[in-house]
There are 2 protein chains.
Amino acid sequence: MSTFDKESHEAMSIIKKTYKDQVVDYVYQLLLSGDLSPGDQLKESLLAEQMGISRAPIREAMKELIMNGLVDYRPQVGNFIPVLSPKQIIDSYTTRGVLEGFAVMETCRQFSGEDFEKLDNLVDEMARFAHMSNHKMVVQVGGEFHDLLISKSNNGQLLEYTDRLSLKLHILFYKHWGRLYSPEEIGARHNKIVESIKSQDLDRIEKTVREHYIETGTKIATL
Amino acid sequence: MSTFDKESHEAMSIIKKTYKDQVVDYVYQLLLSGDLSPGDQLKESLLAEQMGISRAPIREAMKELIMNGLVDYRPQVGNFIPVLSPKQIIDSYTTRGVLEGFAVMETCRQFSGEDFEKLDNLVDEMARFAHMSNHKMVVQVGGEFHDLLISKSNNGQLLEYTDRLSLKLHILFYKHWGRLYSPEEIGARHNKIVESIKSQDLDRIEKTVREHYIETGTKIATL
DNA sequence: TCACTCCTTAATGTCGACATTCGACAAGGA
DNA sequence: TCCTTGTCGAATGTCGACATTAAGGAGTGA
């Protein structure tokens, strides 16, 4: 039907409508490209000038970035890209491990044979891309892996927090993810998670996922 | 010294400075007093008129309320007090239980004899106030109890989320807390937590705190 | 009666200008 | 030298007005 076509067309072309959303994406790009580094200040006037808009939508975007932990706000002073201490890095990853560990544990019985097949394939892909030093694809496939892990949970509150955390950690540290572990280690570490789910041992699952993230955080914190 | 006196005086008198903070507090009061109920819309123009200020600080305040989960934002439509379904209530309490359960478990060895004395006293107080049907004090002492429980944790990321969750749940449901359980049940439920910490059994501690909150959420969800 | 279109209304989204406040640096005195 | 004080610049905080858009009702046709 034409109605559907129209809707899907709109969905494709007008994904970003308000200036606020464009600003958020712009800042994400600045961070991912390295043009913006921890400690840098985001000056509203400067951003407004660069994007050819007023400060109002800039301020709106700042609030969203603050909510997602990608900007530190100091009243009457300004907005800064956060500089995470080693402990703060570990804390963030630990919290993510606590939340996702619970999510996976709680939903472990919903994983089908097809799901396990997908998970195994994703692990293989990660190891293969790691062997080819294609760090970008390692990160992408790793994202799919973790998305599938928590996809069974329908705890909206928990997913809200895990989404925020994974976004924050992705933006701030994705550059390191591909080089943290050897291809063999990457495969082994993620296989460990899949195996724990297959075991249906609740405590083991939760502990495995938790330690996976704590290990990752500890490693990043020591870079 | 006069320097100290001056600082403490300032800290006492100039707590609320910006209009934004005043708006946030104003909305909290509206919620706590019942003048604002789930489903109600917060119209920027109306709030601005009521407080004699412009819409700019109102919008700033909305962002903070959204971040804390006390306002639902619908683009181009407005800001609404969230209407939580029974499942959403349970999800929120479950998530709080997961986070605080981990926090308490991880710090259980730091509780001193003095801490346990305080915890026991707080439980007694709660039961006593419950017997007197002083629901307000039950809630307040309960807050002190839970604050002490997580006070040992220095995981900033985890505390950030637990603070947001406890604030949200307090604002939305504090009215019910005093009447959920009998005085005996209140004492028993909280004693169970203290006893688990005394046992130093990590799994038991985490499980106890978790179930404490899931139970509470389930009970509130059925009201 | 029902469905569709148009229009009005009221809310949010954005703008440019002004007010306020923090931080740094320079000047002065113990 | 160190501490205090005053000034200045630059950034955020706030304002009132205008632009844009979503929701609901009036009106028309079958």
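Order of the sequence lines fixes the chain letters, A, B, ..., with proteins taken first and strands second; residue numbering starts at 1 for each chain.
If you walk DNA chain C from 5' to 3' and mark each nucleotide with an atom closer than 4.0 Å to a heavy atom of chain A, the marks span C:dT14 to C:dG23.
Side chains of B:Lys168 and A:Gln157: a donor on one and an acceptor on the other come within 3.5 Å. Judged by distance alone, the side chains of A:Tyr213 and A:His146 do bring a donor and an acceptor atom under 3.5 Å apart.
A salt bridge (charged side-chain N to carboxylate O under 4.0 Å, His left out) check over residues 106-119 of chain B, counting only residues at least two apart or in different chains, returns the pairs B:Asp115-B:Lys152.
In summary, B:Arg189 and B:Glu215 engage in a salt bridge, as defined by a charged side-chain N under 4.0 Å from a carboxylate O. For B:Arg59 and A:Glu60, the salt-bridge test passes: some basic side-chain N is under 4.0 Å from an acidic carboxylate O. Ionic pairing of B:Asp91 and B:Lys87 is present here: one or more N-O contacts between side-chain nitrogen and carboxylate oxygen are shorter than 4.0 angstrom. Classification of B:Glu160 and B:Arg164 as a salt-bridged pair holds, one side-chain N sitting under 4.0 Å from a carboxylate O.
Atom CD of A:Glu49 has 12 or fewer heavy atoms from other residues, nucleotides or ligands within 6.0 Å.
Two rings, from A:His135 and A:Tyr174, have their centers 6.0 Å or more apart.
Computed from C1' positions of five pairs at each end, the angle between the two local axes of the helix from C:dT1-D:dA30 to C:dA30-D:dT1 equals 20°, rounded to 10 degrees.
One atom, NZ of A:Lys20, and another, P of D:dT21, lie 16 Å apart when rounded to the nearest Å.
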**Study point:** Chi angles and distances behind the side-chain hydrogen bond (donor to acceptor under 3.5 Å, both in side chains) call for B:Asn155, B:Ser153
**Key:** CA-CA 6 Å; B:Asn155 183 328; B:Ser153 172; 5.7 Å; no
Check your understanding: Can A:Glu206 and B:Lys207 be said to form a salt bridge (charged side-chain N to carboxylate O under 4.0 Å, His left out), step by step?
Key -> CA-CA 12 Å; A:Glu206 189 165 21; B:Lys207 191 177 174 185; over 6 Å; no
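Using a 4.0 Å heavy-atom cutoff across all strands shown, A:Leu46 reaches no nucleic acid atom at all.
A:Ala61 and A:Val23 get closest at one heavy-atom pair: CB-CG1, 3.4 Å.
Under a 3.5 Å cut-off, the side chain of B:Asp40 and the backbone N or O of B:Ser37 do form a donor-acceptor pair. Between the side chain of A:Gln22 and the main chain of A:Tyr19, no donor-acceptor pair closer than 3.5 Å is present.
The stretch residues 53-71 of chain B touches DNA chain D through B:Ile53, B:Ser54, B:Arg55, B:Ala56, B:Pro57, each having a heavy atom within less than 4.0 Å of the strand.
Note on ring orientation: taking the six-membered ring where Trp is involved, the planes of B:Phe145 and B:His190 are perpendicular (angle over 60°, cut-offs 30° and 60°).
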Set out, line by line, the N/O atom pairs under 3.5 Å between protein and nucleotides 22-24 of chain D.
from, atom 1, to, atom 2, distance (Å)
D:dA22, OP1, A:Lys17, NZ, 3.3

Give every pair of a protein N or O atom and an N or O atom of nucleotides 6-8 of chain D that lie under 3.5 Å apart, one pair per line with the distance.
none

